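Here is the structure we will look at.
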Amino acid sequence: MRNLDVFIEIHGKEYYVGGIHGNNVMDASFKYDHEYLNKGHAISVMLPLRKEMFSPSETSCFFEGLLPEGFSRKSVAAWLHADENDYLTILAGLGKECLGAIRIEEAGRNEVDDPQYELLTAKQVKELAAEGATKSTELLVKSHLSLTGASGKVGLYYNEGRWFQPIGTAPSTHIVKQSHVRLKHIVENEQLSLRTAAHLGIPTIDSFIVNHGTYQDSEILLASKRYDRNIENSVKSIDGMPCPLRLHQEDFAQALGIPGQRKYESVGDGYLEKIFNLIRKNSNNPLRDQILLLDILIYDVLIGNTDNHIKNLSLLYSSDLSGIALAPAYDLVSTMLYKESTAEMSIVIADEILWDRINKDTFIAASPEMGISSKVIEREYKRLVEKFPVALEESMKELRLEGFLNIDEIGQNMMRLYESVVLRKRG
Ligand SMILES: Nc1ncnc2c1ncn2[C@@H]1O[C@H](COP(=O)(O)OP(=O)(O)O)[C@@H](O)[C@H]1O
Ligand SMILES: [Mg+2]
């Protein structure tokens, strides 16, 4: 029998939300605690407050959705001597710090985990940059931290230019991603894509490149400030440093009840309509967030980001969980710069999945699915297309000044992708 306790942090205080019970992953079910039902808010759009238990598939959609994917998950499972499919054991091992404000623990575990921040030396940070996903997994297991996504990454605490490893239940402030052995200059690619989006007025994660040497892939990391942490209003300290508050978030796959394995859309799944409905029904500011979502989708096409699946979009909850907004854009990468990349977008636009067949007309044809008028779509498309070259040039200039020498080549190639989209006749 497996019994896991689920907690959530609200304004720095932890509440017991409920439990997951079952013999194994096939029948494990989540149920809200009766006290939480009286005073709390739902922890997922797909898990509305109710006293009945949720089905095993509803349960796994949300909770399995908290785990790393792909190679990272395989390595973590091996470290924990767990079966890769046994999400309960992996969560019990890693759930001390997840994305958002949830914490998971084996029920009845009475050990106290002393939260600490352990200073990382410059050499350790450099090693993190140099090593592949294995090292990152070691740190991840050590900190019992569960971050979704497939790339090698860790959650670290950053304070006045120094990096710390969070221990026990200590929250991280930044997500730090490694380079990729096969995808050259991906850190610079992502930073350039993020900065350019920000210059276009798209709310984007606040990121920077950590360089520990000569700007080579093996010496750089991409750090981004966690939007689901709030250090400015910290109410307590750990080891004399401010401890951030946790804010809750869930990705679109969790919020739509779609399992992670189906994060890439197949034609006919209707994800476009689903994601706009999700925002319209749940956001506190649906008008603003629908336009932002549209802007992100157009931007993905302009830079050739075909990895724009529904786990790369998230909902961010207000500090008391009562309000929801579209989270800032993250994981923006010009994937089409790599010959390994698929040309299939991860969200289908008006029945078109192929990046090299999508243009302004495709977006306009998707007006009924998005529930946005063709006039507004045309206005946003035109605005982003017109401002793109200046925004890209501006971010290239900034990164060039910071010393990133591959930026010109990446930026020029990105510009070529953009030109091919803009000049494209509909196929
Ligand atoms: N700055 C951030 N703040 C909070 N959550 C983040 C941040 N960056 C990424 N995430 C979360 O972490 C997950 C993995 O990050 P992502 O950049 O998508 O990595 P990967 O390249 O492995 O997919 C995302 O789905 C998102 O929910
Ligand atoms: Mg991702």
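These numbers come from a predicted model, not from an experiment. In listed order, ligands and their atoms are each counted from 1.
Interface atoms of ligand 1 facing Gln249, defined by a heavy-atom separation under 4.0 Å, are 4 (C), 5 (N), 27 (O). For ligand 1, the atoms lying closer than 4.0 Å to a non-hydrogen atom of Ser224 are 1 (N), 2 (C), 8 (N). Listed by number with element, the atoms of ligand 1 under 4.0 angstrom from any heavy atom of Lys177 are 16 (P), 17 (O), 19 (O), 20 (P), 21 (O). Numbered from 1 in the order shown, with element, the atoms of ligand 1 that lie under 4.0 Å from a heavy atom of Lys311 read 25 (O). Interface of Ser314 with ligand 1, defined as ligand atoms under 4.0 Å from a residue heavy atom, comprises 27 (O). Distances below 4.0 Å separate heavy atoms of Ile175 from the following atoms of ligand 1: 5 (N), 6 (C), 7 (C), 8 (N), 9 (C), 10 (N).
Relative orientation of the Tyr32 and Tyr36 rings is parallel, given thresholds of 30° and 60° on the angle between their planes.
Sorted by first and then second residue, the side-chain hydrogen bond (donor to acceptor under 3.5 Å, both in side chains) pairs with a member in residues 264-273 read Tyr264-Asp307; sequence neighbours excluded.
Under the salt bridge (Lys or Arg N to Asp or Glu O under 4.0 Å) criterion, Arg416 pairs with no residue, sequence neighbours left out.
Listed here is the closest heavy atom pair of Tyr330 and Leu313: OH-N, 3.2 Å.
Between Lys225 and ligand 1, a contact under 3.5 Å exists for at least one N or O pair.
The residue His174 has no part lying near ligand 1, judged by heavy-atom distances below 4.0 Å. For Asn312, every heavy-atom contact with ligand 1 shorter than 4.0 Å involves the side chain, none the backbone. Heavy atoms from both the backbone and the side chain of Tyr227 come within less than 4.0 Å of ligand 1.
Distances from the Mg ion (ligand 2) show that Asn312 has an N/O/S atom below 2.8 Å. At least one N/O/S atom of Asp331, from backbone or side chain, sits under 2.8 Å from the Mg ion (ligand 2).
Counting only non-hydrogen atoms, the option in Leu247, Asp331, Leu315 that gets closest to atom 20 (P) of ligand 1 is Asp331.
Look at Arg103 and Glu97 and you find no salt bridge, because none of the NZ, NE, NH1 or NH2 atoms lies under 4.0 Å from a carboxylate O. Under the 4.0 Å criterion applied to side-chain N and carboxylate O atoms, Glu69 and Lys263 are assigned as salt-bridge partners. The pair Arg50-Glu58 meets the salt-bridge criterion, with a side-chain N (NZ, NE, NH1 or NH2) lying under 4.0 Å from an Asp/Glu carboxylate O.
More than 12 heavy atoms of other shown residues, nucleotides or ligands fall within 6.0 angstrom of atom CD in Glu419.
Ring centers of Tyr15 and Phe7: at least 6.0 Å apart, outside the cut-off.
Note on ligand 1: Arg229 sits outside its first shell, no heavy atom being nearer than 4.0 Å.
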